[in-house]
Amino acid sequence: MTRTMVIAPLRVLLVEDDGAYAAMLAAELDPTVVEVQRVASIAAAHVELGQRDFDAVLLDLGLPDSNGLATFETLHAAVPDMPIVILTANPDDGLAAVAMQRGAQDYLAKGEADAPVLVRALRYARERSSFRQTMIDRESRFRALVEHSYDAVTLLSSDLRILYDSRSIESLCGYTPEQRVGKTVQHLLHPDDVAEVTEHLRDLVETSTPASFGYRFKHCD
C-alpha cells in the first residue's frame, strides 16, 4: 500500500495596489504551492486578516492609504504573530535593516523576487515565526512553573548580575525580586564567601558544567 502525503499550499495575503504586478506574481506562483489572496490597501488588509486565516503576508510599502515603514508597523502592530515579508520597488538596505529589527521576516526587491525566491522566503518566514512562537510558549510555561515554585530561582548574566528572581526569593532573604534585579550577586553574599562563590560561578559560565555548592547570603535585616 502506498501512502501519499498531501501538503496544503501556503495561504498568503498579497497587499499590493499595482494590479499588473499582482497579476504577474499570481501567474508565476504555482497555486498548489502558494494560494494568493490580494487586497490593494492597508485598510483592506486589516479586514481580510480579521476574516480569514493566512500563513504569511506579502506587503508592498507604497499603498494608497499608507507609505513607507509605517505601512509595515501598522500591520505588524495589528497582527504581531503574522509573518510579514516586505516587497518593495525601491530597495533600501537601511530601511530593510530597520524593518527586520522591528519584526519583518524578510525584505525583497520586486525586480529580484521571482517565484522560487518568493516561495523560499515565505516558507522560511513561516518557519521562523513558528519557531519564535514556540520559544515564547516555552518561556511562558517556564515562568509559570518558576513563579509558583517554593524554591527560590535566580538567573544571572555572564557578568554575574541578577536578571531574574522568582517570588520565593522574598521569603528566603527578605528582599523582593525588584530590589535584587540588576545587582551583582557578590553584593548580596556574605563577605567571607564572595571569592569562593565567584570562582564557582565563573566556572559555570565558562564550562556550562552543572555544579552544587553552599554559601551564605545577606538577609535584608
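Numbering of residues begins at 1 and proceeds along the displayed sequence.
- Counting only distance, with no hydrogens or angles, the side chain of D65 and the backbone of A43 share a donor-acceptor pair below 3.5 Å.
- Here F213 pairs with H200 under the ring pair (Phe, Tyr, Trp, His ring centres under 6.0 Å) rule; sequence neighbours left out.
- Under the 4.5 Å side-chain contact rule for hydrophobic residues, L122 and V117 share a cluster.
- With hydrogens and angles disregarded, a donor-acceptor distance shorter than 3.5 Å links the side chain of D193 to the backbone of R216.
- Follow the hydrophobic side-chain contacts under 4.5 Å out from L172 and you reach Y175 in the same cluster.
- Under the side-chain contact (heavy atoms from CB on, under 4.5 Å) test applied with L160, the options L204, V197, T198 reduce to a single match, T198.
- Separating the CG atom in L10 from the CG atom in L29 is a distance of 10.0 Å, to the nearest 0.5 Å.
- Using a distance-only test at 3.5 Å, with no hydrogens or angles considered, a donor-acceptor pair links the side chain of S166 to the main chain of V153.
- A donor-acceptor pair is defined here as one N or O able to donate and one able to accept, closer than 3.5 Å; such a pair exists between the side chain of T71 and the backbone of G68.
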Could you pull out every donor-acceptor pair under 3.5 Å between side chains of residues 18-28 and any protein atom, sequence neighbours left out?
unit_1 : atom_1 : unit_2 : atom_2 : d
D18    : OD1    : A20    : N      : 3.1
D18    : OD1    : Y21    : N      : 3.2

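- In terms of modelled atom types and a separation under 3.5 Å, the side chain of E199 and the main chain of E196 share no donor-acceptor contact.
- Under the 4.5 Å side-chain heavy-atom criterion for ILVMFWY residues, no single connected hydrophobic cluster contains both L155 and I162.
- The distance from the CG atom of D203 to the OG atom of S208 is 11.0 Å, given to the nearest 0.5 Å.
- Between L63 and S41, the closest heavy-atom pair is CD1-C, 4.2 Å.
- In this view, Q37 and L13, E48, R52, F54 satisfy the side-chain contact (heavy atoms from CB on, under 4.5 Å) rule, not counting sequence neighbours.
- With hydrogens and angles ignored, the 3.5 Å screen pairs no side-chain donor or acceptor of R161 with any backbone N or O of K183.
- The closest side-chain heavy-atom distance from F217 to L188 is not below 4.5 Å.
- Nearest heavy atom pair, residue E16 against residue R38, reads O-NE, 2.9 Å.
- R11 contributes atom CZ, which lies 4.5 Å from atom CG of D55 (distance to the nearest 0.5 angstrom).
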